[in-house]
Amino acid sequence: MKVHAPTTVVLYRARLIFTLTALLPTVLMTALGIILVAEGGSKSVALVGGILVLALCATALAGWALGTIFVTRGASLAGVQNEFLSSVSHELRTPLTSIRLFIDTLREGRISSAREQERCLAIIDQELVRLDDLVGKLIELSKIESRRDAFERREVAVGEIVDDALATLKTIDLSTVTRVDVQVDPGLVVRGDRAALVQAIGNLLSNAWKYTRPESRQIQLRAAADPGHVYISVTDNGVGISAGEQKVIFDKFQRGAAAQERGGLGSGLGLALVRAIVTAHR
């Protein structure tokens with residue numbers, strides 16, 4: 001059974017009331033206007049009255065249509081916001097529950113082995129890092145979506161952005177060397193926020209690293225331009241994303257089936273950040 005949030009229910013009720021109080025009387029008045037026009041002579045008062053009534057009805061119908069559109073959009077937005085809050089609550093509760101469980105275990109002395117205690121502390125630290133990353137991404141998304149001027153607008157070389165993004169990739173796993181085939185056209189310059197663009201490309205590189213097998217991993221980074229745009233792409237030979245998921249994968253808290261099956265950590269916010277940054281930079 002699907003339960004609607006109170007805000008959504010109120011908005012849908014408002015639309016129904018608006019329809020009953022505005023649309024039905026307008027339909028009746030329209031019928032009256034048509035009758036007056038049909039029965040009135042070419043210069044009679046009834047004809048003029050009928051035309052005025054029909055004009056009034058047309059205005060009322062236009063107002064009803066616009067009002068219905070705005071109320072429907074409000075209901076949809078409320079639904080999206082409620083779903084977002086529900087997702088945030090779930091994503092925050094998971095690491096907090098894990099942290100609390102291990103703290104209670106250590107506090108009550110259920111583990112006497114120093115090795116096991118160290119493992120518990122490592123898990124707590126991992127969950128805290130995950131929680132900090134989730135909160136940080138939520139703050140960034142909120143800032144980007146609420147402000148058009150969230151980024152600096154300065155000229156920056158694409159080559160420098162790519163170098164910084166590759167540097168962030170090296171911090172993911174210091175035990176291995178990840179080779180990336182890089183081809184950047186010389187002289188490419190964009191106007192934007194260097195740190196944000198580095199983050200966007202870094203998120204794509206991180207996904208490419210996560211979802212490709214280490215023994216056969218191939219990651220390519222390309223940057224080219226035409227007279228109007230600069231194109232930066234990250235390509236890999238990993239598990240890929242099904243056609244049905246490709247449109248929703250950039251929504252908040254959405255993770256592909258392959259990512260869930262592999263059981264890798266992730267909040268489903270990385271690609272949402274990429275889209276927000278790219279959209280803000282046009």
Determine whether [X] and [Y] make a side-chain contact, defined as any pair of heavy atoms from C-beta on separated by less than 4.5 Å.
X: Leu96; Y: Arg100; answer: no
X: Leu271; Y: Leu204; answer: yes
X: Tyr211; Y: Asp236; answer: no
X: Leu221; Y: Asp181; answer: no
X: Thr212; Y: Gln218; answer: no
X: Val190; Y: Leu197; answer: yes

Inter-residue atom distance [X].[atom1] - [Y].[atom2], 0.5 Å rounding:
X: Ile201; Y: Ser233; atom1: CD1; atom2: OG; value: 10.0 Å
X: Cys120; Y: Leu101; atom1: SG; atom2: CG; value: 8.5 Å
X: Asp185; Y: Tyr231; atom1: CG; atom2: OH; value: 12.5 Å
X: Leu205; Y: Lys210; atom1: CG; atom2: NZ; value: 12.0 Å

For the student: nearest non-hydrogen atoms of [X] and [Y], plus distance:
X: Val198; Y: Ile161; value: CG2-O, 3.7 Å
X: Leu188; Y: Ala225; value: CD2-CB, 3.5 Å
X: Val189; Y: Glu155; value: CG1-CB, 3.9 Å
X: Ser216; Y: Asn237; value: O-ND2, 2.7 Å

Test your reading of the model: is there a side-chain donor-acceptor pair from [X] to the backbone of [Y], 3.5 Å cut-off?
X: Arg222; Y: Val184; value: no
X: Ser206; Y: Gly202; value: no
X: Thr279; Y: Ala276; value: no
X: Arg191; Y: Arg153; value: yes

Subject >> Charged N-O contact under 4.0 Å between Glu118 and Arg115 >> reply: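 Looking at Glu118 and Arg115, the cut-off is not met.
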**OP:** Determine, for Asp164 against Arg194, whether the closest basic-nitrogen to carboxylate-oxygen distance falls under 4.0 angstrom.
**Re:**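 Answer for the salt bridge query: yes.
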Original post:
Are Ile123 and Ile103 co-members of a hydrophobic cluster defined by side-chain heavy atoms under 4.5 Å apart?
Top reply: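 Yes, Ile103 and Ile123 fall within the same hydrophobic cluster.
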Original post:
Is Leu121 reachable from Phe102 through a run of I, L, V, M, F, W or Y residues, each pair having side-chain heavy atoms under 4.5 Å apart?
Top reply: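 Shared cluster, yes.
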Subject >> Stepwise side chain to side chain contact (heavy atoms under 4.5 Å, CB included) test for Ile219 and Thr235 >> reply: CA-CA 6 Å; Ile219 302 175; Thr235 310; over 6 Å; no
Original post:
Do Ile277 and Gln199 pass the side chain to side chain contact (heavy atoms under 4.5 Å, CB included) test, and can you show the C-alpha distance, the side-chain angles, and the key distance before you say yes or no?
Top reply: CA-CA 9 Å; Ile277 292 170; Gln199 182 180 20; 3.9 Å; yes
